[in-house]
Amino acid sequence: MKLTILGGGGFRVPLVYGALLADRGEGRVTEVVLHDLDDRRLYAVTRVLREQATGVPDAPRVTATTDLDQALTGAGFVFSAIRVGGLAGRADDERVALAEGVLGQETVGAGGIAYGLRTVPVAVDIARRVARLAPDAWVINFTNPAGLVTEAMSRHLGDRVIGICDSPVGLGRRIARALGADPKEAYIDYVGLNHLGWVRGLRVAGRDELPRLLADPALLRSFEEGRLFGADWLQSLGAIPNEYLHYYYFNRDAVRAYQRAEQTRGAFLRDQQARFYAEALRTDRPALDVWNRTRAEREATYMAENRESAGAGEREAEDLSGGYEKVALALMRAIARDERTTLILNVRNRSTLPVLDADAVIEVPCLVDANGAHPVAAAPLPGHATGLVCSVKAVEREVLAAAESGSRQTAVKAFALHPLVDSVNVARRLVEGYTEVHPGLAYLK
């Protein structure tokens with residue numbers, strides 16, 4: 001089976017390939033095609049993968065290309081992990097927003113909107129090409145903002161595009177550990193949008209154990225989200241929010257922390273990965289060692305500003321090993337081999353959340369089989385969550401409309417309607433600032 005990875009020169013590709021090397025079942029991936037616009041990045045990542053495969057019998061064959069149509073033709077699965085504008089673009093997203101006193105995070109607030117406006121036209125082009133060149137392929141979308149991009153692609157691919165994120169899985173794992181339960185035996189009642197969801201229950205052997213956690217401040221302080229949000233706030237919510245909701249619930253604190261930081265996250269990763277690729281291209285040292293060292297630093301510093309502002313301390317060792325590649329492999333195996341499983345995924349709503357229309361992409365537990373991902377029925381969201389979900393989904397729809405029409409006015413509307421942008425005038429200046437620094441937004445007129 002052929003797997004095509006778009007953004008194949010990306011830093012996290014070795015995580016996916018490592019998961020493939022460990023998969024020894026029937027119907028496994030035998031060919032991996034890496035596609036990227038940068039042949040130097042492709043060469044560096046290919047070196048890492050070659051070293052990973054050393055001593056592994058029947059390791060999937062790896063090829064690399066800068067020809068998108070060639071990469072897609074004949075693919076059984078397509079992993080889309082592109083970054084339009086690169087990490088330099090992410091750093092600019094953060095800088096422009098922070099200059100206006102608002103959040104510029106990669107997927108949340110002004111930064112997420114700017115990234116979406118750059119990415120959606122490219123993602124739509126990819127979706128159309130997949131429909132033409134690999135109509136039977138399943139597209140697994142890693143590209144951020146994951147829910148928004150998945151919805152854009154679903155307009156051309158229907159249910160054959162599925163978005164993934166490791167954040168809900170990590171949250172469920174941490175809650176289960178805090179309760180002394182085996183994460184593999186727990187069902188996570190999670191619902192929302194990508195990077196905007198809540199765990200409302202965690203069932204073990206049919207019993208919801210979340211009330212026991214919420215009633216115990218010491219247990220709440222024993223895991224990352226408990227320290228990040230505080231036991232009192234979690235008890236008030238009656239749920240455990242995704243870590244990205246820290247940007248909403250503690251927005252001023254987060255903005256101040258980012259403004260005080262020596263570098264934004266995007267600037268840090270831009271510089272760190274520039275060093276990685278420069279070192280990985282050198283043939284006098286093992287590329288895999290360089291990648292492992294860089295990855296450890298990357299994972300340890302994830303959301304560091306938020307943790308510092310909340311006094312949440314360092315990340316736990318168990319959360320430094322990634323996870324999105326495991327979700328991707330489990331999804332691919334469930335479809336390719338009809339190995340039925342339940343995963344939290346980004347899929348079209350259908351009738352799961354009555355407050356949203358059928359085509360809105362949401363993030364919920366899904367039953368997965370050979371026919372794809374099917375969202376599990378969910379209880380209605382509480383009022384506070386309903387308001388936020390509907391508000392952010394309305395913003396996503398304006399982003400999609402702006403990307404389709406090229407309307408600068410609609411782009412301003414998208415920024416102005418976001419809960420974390422507090423002025424129409426700020427929204428206008430954000431659009432002006434982003435179009436000045438991002439050639440990929442020149443289409444907005």
Side-chain angles (χ1 to χ4, degrees), residues 90 93-94 97-98 101-113 115 144-147 165-175 178 188 190-200 210 213-214 217 219-261 263-266 268-269 298-316 319-320 323-324 344 363 381-382 384-385 387-389 391-392 395 418-422:
R90 177 175 175 177
D93 289 344
E94 294 163 339
L98 288 173
V102 297
L103 188 71
Q105 204 275 335
E106 177 188 24
T107 63
V108 178
I113 295 172
Y115 189 24
N144 278 324
C165 180
D166 60 352
S167 191
V169 178
L171 173 56
R173 185 175 61 240
R174 288 187 288 274
I175 293 173
I188 307 165
Y190 179 95
V191 65
L193 308 179
N194 179 240
H195 289 181
L196 193 82
W198 297 260
V199 170
R200 305 178 301 176
L210 193 65
L213 176 67
L214 289 170
L219 271 183
L220 285 171
R221 288 191 292 269
S222 71
F223 67 104
E224 186 170 322
E225 282 76 11
R227 296 187 294 272
L228 187 64
F229 292 101
D232 288 349
W233 182 237
L234 297 183
Q235 290 172 332
S236 296
L237 290 174
I240 311 295
N242 183 296
E243 60 201 343
Y244 283 84
L245 274 151
H246 191 265
Y247 293 115
Y248 291 88
Y249 295 145
F250 298 89
N251 180 250
R252 290 191 182 189
D253 312 79
V255 170
R256 280 197 298 269
Y258 274 79
Q259 288 174 328
R260 291 197 304 263
Q263 278 186 307
T264 63
R265 178 66 173 172
F268 168 79
L269 292 175
R298 173 193 174 109
E299 295 294 339
T301 56
Y302 175 71
M303 291 190 77
E305 290 82 8
N306 300 69
R307 294 198 311 277
E308 181 181 355
S309 70
E314 299 300 317
R315 298 191 74 193
E316 297 173 17
D319 294 317
L320 300 180
Y324 90 121
I344 298 173
E363 191 169 73
L381 285 163
H384 67 85
L388 197 49
V389 163
S391 178
V392 173
V395 170
H418 198 282
L420 301 184
V421 177
D422 57 359

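Worth knowing before you read on, the calculation uses all heavy atoms, side chains too, and leaves out hydrogens, waters and symmetry mates. This structure is a prediction, so every number in the text was calculated from the model and none was measured.
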Inset, instruction - Indicate whether any N or O donor in one side chain lies under 3.5 Å from an N or O acceptor in the other, for T107 and N144. - result: no
Legend entry - Chi angles and distances behind the side chain to side chain contact (heavy atoms under 4.5 Å, CB included) call for L214, L220: CA-CA 7 Å; L214 289 170; L220 285 171; 4.3 Å; yes
Legend entry - With sequence neighbours excluded, residues passing side chain to side chain donor-acceptor pair (under 3.5 Å) with E106: R83, R90
Legend entry - Minimum-distance pair of heavy atoms, taken over all atoms of G172 and I188: CA-CD1, 3.5 Å
Inset, instruction - Measure the shortest side-chain to side-chain distance between Y248 and V108 over non-hydrogen atoms and say whether it is less than 4.5 angstrom. - result: yes
Legend entry - Contact check, side chains of E243 and L171, non-hydrogen atoms, under 4.5 Å: no
Inset, instruction - Could I get the full list of salt bridge (Lys or Arg N to Asp or Glu O under 4.0 Å) partners for R256, not counting sequence neighbours? - result: D253
Legend entry - For Y249 against W198, the heavy-atom pair lying closest together: OH-NE1, 2.9 Å
Legend entry - CG on N242 to CZ on F229, rounded to 0.5 Å: 7.5 Å
Inset, instruction - Return the set of residues passing side chain to side chain contact (heavy atoms under 4.5 Å, CB included) with V421 (not counting sequence neighbours), or none when no residue passes. - result: A110, H418, V426, A427, L430
Inset, instruction - Quickly, which of L103, V102, L420 forms a side chain to side chain contact (heavy atoms under 4.5 Å, CB included) with V255? Name it, please. - result: L103
Inset, instruction - Please identify each residue that fulfils side chain to side chain donor-acceptor pair (under 3.5 Å) with N251, with sequence neighbours left out. - result: none
Legend entry - NE2 on H195 to OH on Y244, rounded to 0.5 Å: 4.0 Å
Legend entry - Nearest non-hydrogen partners of A178 and L213, listed with the distance: CB-CD1, 4.3 Å
Legend entry - Atom of H384, atom of L237 and distance for their closest heavy-atom approach: CE1-CD2, 3.7 Å
Inset, instruction - For residues Y247 and A254, report the shortest heavy-atom separation together with the two atoms involved. - result: CD2-CB, 4.0 Å
Inset, instruction - Please report the shortest heavy-atom distance between A239 and P241, naming the atom on each side. - result: O-CD, 3.7 Å
Inset, instruction - Could you pull out all residues at least two apart from N194 that satisfy side chain to side chain donor-acceptor pair (under 3.5 Å)? - result: E363
Legend entry - Atom pair CG/CG of L234 and L228 - distance to nearest 0.5 Å: 9.0 Å
Legend entry - Backbone of R227 reached by a side-chain donor or acceptor of R221 within 3.5 Å: no
Legend entry - Value rounded to 0.5 Å, distance of CG in L193 from SG in C165: 12.0 Å
Inset, instruction - Check each of Q105, Q259, E94 against T264 using the side-chain hydrogen bond (donor to acceptor under 3.5 Å, both in side chains) test, and report the only one that passes. - result: E94
Legend entry - Main-chain N/O of L388 paired to S391 side chain as donor or acceptor, under 3.5 Å: no
